[in-house]
Every structure is written in C-alpha cells, then in structure tokens.
Amino acid sequence: MATNGEEQREERKVSLFRDILGNESVIRHFQTALKQRSISHAYLLNGEHGSGKMMLATAFARALQCEEGGIEACGRCKSCMQAASGNHPDISFVTHEKSIISVDDIRVQLNAAIQIKPYSAPYKVFIIDEAEKMNEQAQNALLKTLEEPPEYAVILLLVDNENLLLQTILSRVVRLDTRTLSSKQICDYLVEKLLI
C-alpha cells in the first residue's frame with residue numbers, strides 16, 4: 001500500500017491536463033490563462049483531500065515551463081522531461097517535517113529561493129501542499145512575498161480548508177475550487193477504459 005508521500009510523488013508524475021479526470025472548470029481557467037499569457041502570481045486550489053489539487057498544480061506548472069508555450073505541456077521537451085522526473089530546477093515543492101509549516105520552512109524554501117531568477121524556464125513555480133498547515137508566522141512571511149512578488153514567480157497554495165488561511169492571503173490569490181469525482185464518473189471512466 002502506498003504511503004501519503006508515495007501518493008504525492010505519483011500525483012506529480014501524472015501531470016498533464018489531458019490525464020486529469022474531472023475539474024474541467026479549473027483546467028479551463030488554467031488553459032485560458034496560458035493561452036492569453038495572463039498568469040497570476042498566486043493561486044489557491046481549495047478542495048477536500050483527493051480532489052486532484054496536486055495533479056492540477058503540477059499540470060499547470062509543467063504547462064507554464066514547457067518550451068512549446070501552449071495550453072498543455074508537450075511531454076517531450078527538456079523542460080517537460082525534467083518536470084516529469086521531478087528534477088525541474090524551476091519547480092519547487094515546499095516541504096515540512098512537522099504537523100505545521102513553520103516560518104523557517106517558508107523563509108528558506110520560498111522567500112529566499114524566490115529571489116533567485118529562474119534557472120532555465122520563464123517562471124519559478126512554488127507549490128505548497130497542505131498550505132493550511134502554515135502557522136500564523138509562516139502565513140505572514142508568505143504574505144510579504146505575495147504583496148510584492150517577482151514578475152517571474154507563480155505560487156500555488158493547495159488547501160483542504162481555506163478558512164484556516166489569513167484573509168489577507170485569500171485576498172491576494174486567484175481562488176479555484178476543486179471537486180472529487182462522483183462514483184458514476186469513476187465507473188464511467190473505468191468502463192470506457194476497459195472497453196478500449
């Protein structure tokens with residue numbers, strides 16, 4: 001049986017929009033932003049555990065960094081290959097070892113790193129899973145970056161409960177709600193795949 005960490009690594013690998021079932025409105029929002037090149041500096045993906053937040057975030061990160069510059073990562077260029085292997089120098093996952101994300105986690109892994117320009121891609125993308133675990137000091141440290149982000153920065157906050165974040169953070173992000181799949185959607189998908 002896979003551990004939570006193994007599940008997250010697998011979600012990071014399945015990271016093309018076309019591989020994601022459900023959450024069409026979120027995918028449409030991201031693809032419109034990519035097409036129009038109107039990328040926000042911060043997004044909040046809010047939804048219950050298992051609603052595909054990590055898959056959506058990694059698909060968006062890959063598409064942002066893809067050398068072809070379309071609305072979907074090509075899956076073939078050097079940037080896509082690096083992202084698929086989890087080794088893209090300009091896509092970072094903020095990690096934490098405790099039950100909270102501390103101010104030091106944010107200062108070291110995000111605030112300090114965001115000041116360094118992208119190594120090889122147009123954007124520097126930071127994904128914070130379980131962002132609601134940031135304590136108040138960590139949220140305030142993040143807030144300073146959200147108020148004056150570098151033009152190349154994109155921060156994705158993934159939360160199960162947005163109400164645990166400061167209102168000042170919520171007011172500075174593009175909020176997108178994710179949904180879990182219904183039993184019918186899962187059954188229909190499996191039937192379709194088995195019949196092919």
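Positions are given from 1, in the same order as the sequence printed here. FYI, side chains are in, hydrogens and waters are out, and symmetry mates aren't considered; it's all heavy atoms of this structure.
Hydrophobic cluster membership is shared by Val26 and Tyr43, with clusters built from Ile, Leu, Val, Met, Phe, Trp and Tyr side chains linked at under 4.5 angstrom. Grouping the Ile, Leu, Val, Met, Phe, Trp and Tyr side chains by contacts below 4.5 angstrom, directly or via other members, places Leu143 with Leu110. Under a hydrophobic-cluster definition in which Ile, Leu, Val, Met, Phe, Trp and Tyr are linked whenever side-chain heavy atoms come within less than 4.5 Å, directly or via other members, Leu44 and Ile114 are assigned to the same cluster. A continuous path of Ile, Leu, Val, Met, Phe, Trp and Tyr side chains, each step under 4.5 Å between heavy atoms, connects Phe126 with Ile106, placing both in one hydrophobic cluster. Val125 and Val174 fall within the same hydrophobic cluster, where Ile, Leu, Val, Met, Phe, Trp and Tyr residues are linked whenever their side-chain heavy atoms come under 4.5 Å apart, directly or through other members.
Remark: side-chain polar atoms of Arg76 are paired, donor with acceptor, to backbone N or O of Cys74 under 3.5 angstrom. Under a 3.5 Å cut-off, the side chain of Glu72 and the backbone N or O of Leu16 do not form any donor-acceptor pair. Between the side chain of Asp90 and the backbone N or O of Pro118, no donor-acceptor pair lies under 3.5 Å. With hydrogens and angles disregarded, no donor-acceptor distance shorter than 3.5 Å links the side chain of Arg37 to the backbone of Ala33. With hydrogens and angles ignored, the 3.5 Å screen pairs a side-chain donor or acceptor of His41 with a backbone N or O of Leu146. Within the 3.5 Å criterion, the main-chain N or O of Glu136 finds a donor-acceptor partner in the side chain of Asn140. With Glu132 contributing its side chain and Leu165 its backbone, the two residues share no donor-acceptor pair below 3.5 Å. For Gln65 (side chain) and Tyr123 (main-chain N/O), a donor-acceptor pair under 3.5 Å exists by modelled atom type. With hydrogens and angles ignored, the 3.5 Å screen pairs no side-chain donor or acceptor of Lys124 with any backbone N or O of Ile91. Between the side chain of Asn23 and the main chain of Arg179, a donor-acceptor pair closer than 3.5 Å is present.
Note that CD1 of Ile101 and CD of Gln137 are 13.5 Å apart. Values are rounded to the nearest 0.5 Å. We find the SG-CD1 distance between Cys66 and Ile71 to be 11.5 Å, quoted to the nearest 0.5 Å. Here the CD1 atom belonging to Ile128 is positioned 5.0 Å from the CG atom belonging to Leu142, to the nearest 0.5 angstrom. A distance of 13.5 Å separates CD in Gln139 from NZ in Lys144, rounded to the nearest 0.5 Å. Here the NE2 atom belonging to His49 is positioned 11.5 Å from the OG1 atom belonging to Thr178, to the nearest 0.5 angstrom.
A side-chain N or O of Thr145 and one of Asn111 form a donor-acceptor pair less than 3.5 Å apart. For the 3.5 Å distance criterion, the side chains of Ser102 and His96 fail to qualify, holding no donor opposite an acceptor. Between the side chains of Thr95 and Gln109, at least one donor N or O lies within less than 3.5 Å of an accepting N or O.
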Should Asp105 and Val103 be marked as a side chain to side chain contact (heavy atoms under 4.5 Å, CB included) after you check the CA-CA gap, both sets of side-chain angles, and the distance that decides it?
CA-CA 5 Å; Asp105 292 329; Val103 67; over 6 Å; no
Test side chain to side chain contact (heavy atoms under 4.5 Å, CB included) applied to Val94 and Ile127, step by step:
CA-CA 6 Å; Val94 175; Ile127 299 173; over 6 Å; no
May I have the step-by-step check of side chain to side chain contact (heavy atoms under 4.5 Å, CB included) for Asn46 and Leu158, ending in yes or no?
CA-CA 6 Å; Asn46 178 60; Leu158 316 183; over 6 Å; no
Residue pair Leu170, Asn163: steps toward the side chain to side chain contact (heavy atoms under 4.5 Å, CB included) verdict
CA-CA 9 Å; Leu170 295 175; Asn163 296 322; 5.6 Å; no
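A salt bridge is defined here as a Lys NZ or Arg NE, NH1 or NH2 lying under 4.0 Å from an Asp or Glu carboxylate O, and Asp177 with Arg175 meets this definition. Between Glu147 and Arg172, at least one side-chain nitrogen of the basic residue sits less than 4.0 Å from a carboxylate oxygen of the acidic one, meeting the salt-bridge criterion. Between Lys53 and Asp160, at least one side-chain N (NZ, or NE/NH1/NH2) sits under 4.0 Å from a carboxylate O, which counts as a salt bridge.
The nearest pair of heavy atoms linking Leu34 to Gly70 is CB-O, 4.0 Å.
Between Val159 and Glu130 there is no side-chain heavy-atom pair separated by less than 4.5 Å. With a 4.5 Å cut-off on side-chain heavy atoms, Ser79 and His88 count as touching.
For Phe60 and Phe30, the ring centers sit closer than 6.0 Å to each other.
Counting heavy atoms of neighbouring residues, nucleotides and ligands inside a 6.0 Å radius, atom CD of Glu97 does not exceed 12 of them.
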